[in-house]
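Read the structure below first, then the notes.
Each chain gets a letter, A, B and so on, in the order its sequence line appears, and its residues count up from 1.
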Protein chains: 2
Amino acid sequence: MAEPRWLDEDEARAWRGYRRMFLLLNARIARELAEECGLSEPDYDVLSMLSDSKGRSERIKDLAARMLWSQSRLSHHITRMQQRGLVTREEVAGDRRGASVVLTKTGLKAIRTAAPSHVESVRRNIIDLLTPEQVTVLGDIAETVVERLATDSTSDRGTGARPG
Amino acid sequence: MAEPRWLDEDEARAWRGYRRMFLLLNARIARELAEECGLSEPDYDVLSMLSDSKGRSERIKDLAARMLWSQSRLSHHITRMQQRGLVTREEVAGDRRGASVVLTKTGLKAIRTAAPSHVESVRRNIIDLLTPEQVTVLGDIAETVVERLATDSTSDRGTGARPG
DNA sequence: ACCCGTTTCTTGACACGTCATCTACATTGG
DNA sequence: CCAATGTAGATGACGTGTCAAGAAACGGGT
């Protein structure tokens, strides 16, 4: 193999910084969420998605697709959340394979309580630290990368589609 | 609690985009690394750090601190990597509590093989998609957030008070 | 109707990370 | 020196995420 194009100084700074930021930021936000609300980030994401769904329920495959989770991951997670009373499973009319997740009263209360505190956490630990321009550029960057990855990729198991 | 300051459109776009980008980017890069080199990202990180250390070995506590990992995490991971022959443990002269991780010949070979392919992966999936300006801004953002999180190790939750 | 491939969801095994806890050693202060 | 406190590392339990495999139902072609 020919000598690869190693990252230059700026690129390495960005890449390492990005990874380090994720590590710390994720840990911090997860910890605050757990301490204040007793929820993990995945819990929060599921509840948040569900609370925006019509009827506060959604088919598992649709929810998984919307969240970019594998069905397997969602199924496992729902099982755990179900045991804590945050959601329930329900059959789907018209497709006996199907299953929906439904937000329980407890789950709704949990997300309603958690949301304000979570937003504050996000502001305090990243958004409010940045200039409006930086916020916009971060959005641009994410859009570019996501578009590229979402189109030529897979959400569940690897397709093995490899360039080169 | 008063009505929180919800994220505006740009902020929400940045935050959601960032999370989505991480989800997809991490999955993609991890998958390529696993398929091409048989390494996980944490494997790669440990090997990469070790290969830059003097003597290709480092004390566990120092390595953990440098990587921003908990000692426990590193200890667990080293156990798994040890079983695959990538590293070994070694006693430390002068402190009988201590232990070092040492890169094996196999581990060195693994990281040397993996590095070029990993850099290509990073380029293909993010760095080369961005303008130089975006790369710089990403580095700036990460620096800002990391600095804040690294210094402020104990949280000042609840008040919304922020150091100026 | 039946077969066959596909979709939807679940499950089990395993890798990974965190937390609390434990052991062993080191260091400090009486 | 000895007790108390602190530090280094390992470990077990548990929650989480991935993959492969399986079960059940769907749907199209014959």
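Relative orientation of the A:His118 and A:Tyr44 rings is tilted, given thresholds of 30° and 60° on the angle between their planes. Taking the six-membered ring where the residue is Trp, A:Phe22 and B:Tyr18 present tilted rings, their angle falling between 30° and 60°.
An OP1 or OP2 oxygen of C:dC16 is reached within less than 4.0 angstrom by no side-chain nitrogen or oxygen of B:Arg73. Between B:Ser75 and D:dG9 there is no side-chain polar atom (N or O) within less than 4.0 angstrom of OP1 or OP2. At C:dT8, none of the side-chain N or O atoms of A:Gln71 fall inside 4.0 Å of OP1 or OP2 (strictly under the cut-off).
Atom CE of B:Met81 is separated from atom P of C:dA15 by 14 Å (rounded to the nearest Å). Distance CD (A:Glu90) to P (C:dC9): 13 Å, rounded to an integer number of Å. Counting to the nearest Å, the C1' atom of C:dG17 and the CG atom of B:Leu68 are 15 Å from each other. Across the protein-nucleic acid pair, A:Trp69 atom CH2 and D:dG17 atom C1' stand 9 Å apart, rounded to whole Å. A:Arg80 has its CZ atom 13 Å from the P atom of C:dT11, to the nearest Å. Straight-line distance from the CG atom of A:Leu74 to the C1' atom of C:dT7: 16 Å, rounded to whole Å. For B:Gln82 and C:dC16, the CD to P distance is 15 Å, given to the nearest whole Å. Taking atom CD1 of A:Ile78 as the reference point, atom P of C:dT11 lies 12 Å away to the nearest angstrom.
Here A:Ile127 contributes atom CD1 and A:Gln134 contributes atom CD; the two are 10.5 Å apart, rounded to the nearest 0.5 Å. For the atom pair CE of B:Met67 and CG of B:Leu50, the computed distance is 8.0 Å after rounding to the nearest 0.5 Å. For the atom pair B:Ser121 OG and B:Leu25 CG, the distance stands at 8.0 Å (nearest 0.5 Å).
The pair A:Arg19-B:Glu41 counts as a salt bridge, with a side-chain nitrogen and a carboxylate oxygen less than 4.0 angstrom apart. In summary, B:Arg80 and B:Asp43 do not engage in a salt bridge, as defined by a charged side-chain N under 4.0 Å from a carboxylate O. Salt-bridge annotation for B:Arg13 and B:Glu9: absent, with no side-chain N of the basic residue lying under 4.0 Å from a carboxylate O of the acidic one.
Sorted by residue number, the members of residues 38-64 of chain A with any non-hydrogen atom under 4.0 Å from DNA chain C read A:Arg59, A:Ile60, A:Lys61.
The B:Arg89 side chain lies nearest to D:dA10 when the options are C:dT10, D:dA10, C:dG17. Residue B:Arg97 has its side chain nearest to C:dC25 when only C:dC9, C:dC16, C:dC25 are considered. Distance from the side chain of B:Asp95 is smallest to C:dC25 among C:dC25, D:dG15, D:dC26.
On a pure distance criterion of 3.5 Å, a polar donor-acceptor pair joins the side chain of B:Ser72 and the base of C:dC19. For A:Thr79 and C:dT10, a side-chain-to-base donor-acceptor distance below 3.5 Å is absent, hydrogens and geometry of angles not being considered.
Position along DNA chain D of the nearest nucleotide to A:Arg96 versus A:His77 favours A:His77 as the more 5'-ward residue.
Contact annotation for B:His76: base contact, defined as any heavy-atom pair under 4.0 Å involving a base atom.
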